[in-house]
Enquirer: 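What follows is a single structure, and I will ask about it in a moment.
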Protein chains: 2
Amino acid sequence: MNASRTARERVRAELIREITDVARRHLATEGAAGLSLRAVAREMGMVSSAIYRYFPSRDDLLTTLIIDGYNALGEAVEHAEAARARDDFTGRWLAGCRAVRDWALAHPHEYALLYGSPVPGYAAPRDTVAPAVRATAVYGRIVADAYRAGRLAPPPIFPPPPAVLAKDAEAVRAVMPGVPDDVVARAIVAWTSLFGMVSFEIFGQFDNTITHRAELFEHNMTCLARLLGLPD
Amino acid sequence: MNASRTARERVRAELIREITDVARRHLATEGAAGLSLRAVAREMGMVSSAIYRYFPSRDDLLTTLIIDGYNALGEAVEHAEAARARDDFTGRWLAGCRAVRDWALAHPHEYALLYGSPVPGYAAPRDTVAPAVRATAVYGRIVADAYRAGRLAPPPIFPPPPAVLAKDAEAVRAVMPGVPDDVVARAIVAWTSLFGMVSFEIFGQFDNTITHRAELFEHNMTCLARLLGLPD
DNA sequence: GCGATTAGAGAGCACTGCTCTTGACTTCCA
DNA sequence: TGGAAGTCAAGAGCAGTGCTCTCTAATCGC
């Protein structure tokens, strides 16, 4: 029978889910470095070695949390962007930016796990790259849609990108098909600026200086939209 | 005698310097989380408890490394920027940007310590803020100098910053005196974008996508210079 | 030279990730 | 239905961590 076999596998899947839930809660309060397998096991009434039946190492548990994090962020961005009218390109961009910031503020430690210093001795396996591009893909779609609709009018003040970047632009174009190289380059500027901004806020670089962070963020993202060539 | 007293204090200062040197080397190879007091002591032929005569805790050692890091980065930026003609504002900006990137590439773990995820359970003490603004101060000077010289012509495509940001702009103006609010806001965009760019590269976000990183960086920093209103 | 200060050594506490073995329980198949 | 195969929790144990305490020896100031 397959049903009996799935009975055991169901309780196994349930336990894996519970472990990641507890681990995520610990991650949220203690941070990645403070995430302890023993503490997770203790909270679940297990002994530490039992966890290794489900996760071969602490890094594997971290990988799961990273994948979940990318997916959660990606979903938040997708959801926020989908709520806007398809032809409101600037609105879609701003909604996506706000989704990133809001998610980061709500889950600072998970954000740090994704976009902060890499955990030493930990190498992100292949499985993480697909979820990682989810949020990026949304941005690519916005830029590509706007370009296709003829609503992208980048200001003529920026120099054309050097020819060497054509190959890299080709790779990035996977998420924004049909967009010319100079727009790709500007999209990268806007994209990295967004995360620079969020990282500065989350990692405390704005402490003792910037107090109206939401307003500054809003204004900066609007400026980046103009840089991209999105309409106002 | 004061000389004899300084004799003991000299060997003490020498030991403190040696500990931080060894610790910095360990930091460079293992990362912040892998920095172990015991390993440092072992390499110095001391016993771990002896270290506590010089640093009351691991966090205090980290603080010293952080301050040293900010100073090293600040010095690199200052040095690179000082080599340019005073009226070559764009050149000064680009030199500063390159200095940040070069330093980060040469000292990735130290960069992570300064601009990556904060070490959990560690709160940066007051002593770190003064060295932290050293690099920022250079940028402020460039923007302020260019503005005073009438060489700052921001493109008219960006919206004016909201009134709420005036107070924050006032604080930022400490490093770029006499600059109007909209330029301050744009300077923050450029500043955070620079670090967003460097962080993406150092923290591996460009892996499997961007290969010509130096060229992309160069191009993006040039675009940001235009956004700031610097001449070409 | 003597008392006070400072340094290093060592033991020990509570904690970590991880491995290995043991015994009990489930599932599967002849 | 009974035995083989597989799975699981538990416990002991290893090597490592930050940090505290006590003890001894050297050094310094008077």
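Just so we're on the same page: letters track the sequence lines, and every chain starts at 1.
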Enquirer: How many Å lie between CZ on A:R10 and C1' on D:dT7, as a whole number?
Expert: 18 Å

Enquirer: Quick one: bend of the helix from C:dG1-D:dC30 to C:dA30-D:dT1 from 5 pairs per end, to 10°?
Expert: 10°

Enquirer: Could you walk me through whether A:V189 and B:L227 pass the side-chain contact (heavy atoms from CB on, under 4.5 Å) check?
Expert: CA-CA 11 Å; A:V189 178; B:L227 179 142; over 6 Å; no

Enquirer: Let me know the distance between CD of B:E9 and C1' of D:dG29, rounded to the nearest Å.
Expert: 13 Å

Enquirer: Would you call A:K167-A:E170 a salt bridge at under 4.0 Å N-O?
Expert: no

Enquirer: So, are B:E9 and B:R12 salt-bridged, with charged N and O less than 4.0 Å apart?
Expert: no

Enquirer: Taking all atoms of both residues into account, what is the closest heavy-atom pair of B:L113 and B:A32, and its distance?
Expert: CD1-CB, 3.7 Å

Enquirer: side-chain contact (heavy atoms from CB on, under 4.5 Å) with A:R213: which residues, sequence neighbours excluded?
Expert: A:R101, A:E201, A:F206, A:D207, A:I210

Enquirer: Can you give me the closest heavy-atom contact between B:V77 and B:A135, atom names plus distance?
Expert: CG2-CB, 4.3 Å

Enquirer: For A:Y115 and A:F195, take the angle between the two ring planes, folded into 0 to 90°, and tell me which bin it lands in: parallel under 30, tilted 30 to 60, perpendicular over 60.
Expert: tilted

Enquirer: Can you name the one residue among A:W93, A:W191, A:Y139 that meets side-chain contact (heavy atoms from CB on, under 4.5 Å) with A:L228?
Expert: A:W93

Enquirer: Would you mind building the protein contact string for nucleotides 6-19 of chain C? One character per nucleotide, 5' to 3', B for base within reach (heavy atoms under 4.0 Å), S for sugar-phosphate only, - for untouched.
Expert: SBBBB-B---BBBB

